[in-house]
Peer 1: 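Encoded as structure tokens, here's the structure I'll be asking about.
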Amino acid sequence: MIERVTELRAHLDAVRGRGATVGFVPTMGAFHDGHRSLMRAARAAHDTVVVSLFVNPLQFGPTEDLDRYPKDLEGDLAAAAAEGVDVVFAPPVEEMYPGFPTPPLTTVSVAGLTGGLCGSSRPGHFDGVATVVAKLFSIVGPCTAYFGKKDAQQLAVVRRMAADLCLPVEIVGCPMVREADGLAMSSRNRNLSPAEREAATVIYRGLHSGADVVIGGERDAGKLRRVVANVLTTEPLVRLEYAEVVAADSLEPLEELTGDVLVAVAAKVGDVRLIDNMTIRVDARGAVVDLGAIVAPTVEGLCAAR
Ligand code: AMP
């Protein structure tokens, strides 16, 4: 594990000096199969794989769950080693933000993609994300960086930021990974009570109902939105924050389903805020829905469930 910026830079400069390529996976830790799938994609394509593990305070609002965000350094280091990760970069907060908790004077803001969806209820969140990812890209240097489609708005923001700032980083979006019952994997799922965990499956069922009407021929974005929202509001433990149908690249709201469409939802289950989405490619031939991949339960998981 490396904690210092200068040490990581020197190490990766030497790696690239030998002609090796670098795959980079930025994370906030508490690894699950979604994180592991990104590590595997990076491992398959690169000589050296770097995973960063940093719970970025800049992307949490004052009333959000920074203090409750799950942490498991030992488990994460073991999981990264098992995936063949070469370097885990886990900087202390002062290493990333000297003078913390005084905020940095320089931040990165991606206008236009950050006002809607999660941006409306989490003001400043995407500035925090863009700032930390820009810093991490600057520290890691030329590389290919792997992000999950689970965080679709974050992926759009990071892509745009890297392009606008001419950063020497290729961005790869990886499929969403789900639990066997459809719940999108998230570090925050660890904070759900058993009843909330059960209730949270309504999010996937809502998206699935939306997928069904689109496959059945529906092309009205408002109707699709209502189908998804109606399912989510049937569950008393779940408070829907938004269900939106937008263009996948601009994140602008759509009236009619056409091209690459993102159906994104956010909901509070107890105190835990969860997000989920599906993408739909609509053309004259029909619609193809991408709800991500459901992973088979592991042998250990089956044993624990018995
Ligand atoms: P986080 O640690 O939650 O900040 O996530 C680190 C990376 O893992 C981000 O690129 C996320 O989009 C990705 N990720 C988180 N959950 C999933 C998931 N269920 N499937 C695929 N990627 C994910």
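Counting starts at 1 for both ligands and their atoms, in listed order.
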Peer 1: Which ligand 1 atoms are under 4.0 Å away from a heavy-atom of V177?
Peer 2: 18 (C), 19 (N), 20 (N), 21 (C)
Peer 1: Output yes when the distance from some N or O of ligand 1 to some N or O of C174 is under 3.5 Å, and no in every other case.
Peer 2: no
Peer 1: Between D271 and K268, is there a salt bridge with N-O shorter than 4.0 Å?
Peer 2: no
Peer 1: Looking at F147, which atoms of ligand 1 are within less than 4.0 Å of one of its heavy atoms?
Peer 2: 10 (O)
Peer 1: Looking only at N/O atoms, are D151 and ligand 1 under 3.5 Å apart anywhere?
Peer 2: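 Right, the criterion is met.
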Peer 1: Ignoring hydrogens and geometry, is there a side-chain-to-backbone donor-acceptor pair from T144 to G23 under 3.5 Å?
Peer 2: no
Peer 1: I need the contact type for R178 against ligand 1. Using non-hydrogen atoms and a strict under-4.0 Å cut-off, is it side chain, backbone, both or neither?
Peer 2: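 No part of R178 comes within reach of ligand 1.
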Peer 1: Tell me the protein heavy atom at minimum distance from atom 22 (N) of ligand 1, and give that distance in Å.
Peer 2: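 Looking at atom 22 (N) of ligand 1, the protein heavy atom closest to it is G148 CA, 3.5 Å.
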Peer 1: Is any N or O atom of P26, backbone or side chain, closer than 3.5 Å to an N or O atom of ligand 1?
Peer 2: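 Min N/O separation from ligand 1 is not below 3.5 Å for P26.
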Peer 1: May I ask you to say whether R226 pairs ionically with D220, meaning some side-chain N is under 4.0 Å from a carboxylate O?
Peer 2: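 No, R226 and D220 are not salt-bridged.
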Peer 1: Look up atom CG in L117 and atom CG in L251, then write down how far apart they are to the nearest 0.5 Å.
Peer 2: 6.0 Å
Peer 1: Using a 4.0 Å cutoff against the non-hydrogen atoms of H32, which atoms of ligand 1 qualify?
Peer 2: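 In order of number, 15 (C), 16 (N), 17 (C).
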Peer 1: Enumerate the atoms of ligand 1 whose separation from the nearest heavy atom of M176 is less than 4.0 angstrom.
Peer 2: 20 (N), 21 (C)
Peer 1: Can you tell me which portion of A30 lies within the under-4.0 Å heavy-atom range of ligand 1? Options are side chain, backbone, both, or neither.
Peer 2: neither
Peer 1: Which residues pass the side-chain hydrogen bond (donor to acceptor under 3.5 Å, both in side chains) test with N277, not counting sequence neighbours?
Peer 2: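 If we apply the side-chain hydrogen bond (donor to acceptor under 3.5 Å, both in side chains) test to N277, skipping adjacent residues, there are no hits.
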Peer 1: Looking only at protein heavy atoms, which one is nearest to atom 5 (O) of ligand 1, and what is the separation?
Peer 2: H35 NE2, 3.5 Å
Peer 1: Give a yes/no on ligand 1: does F54 have at least one heavy atom closer than 4.0 angstrom to it?
Peer 2: no
Peer 1: Report, in ascending order of atom number, the atoms of ligand 1 lying under 4.0 Å from any heavy atom of L38.
Peer 2: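 It comes down to these atoms of ligand 1: 7 (C), 8 (O), 10 (O), 13 (C).
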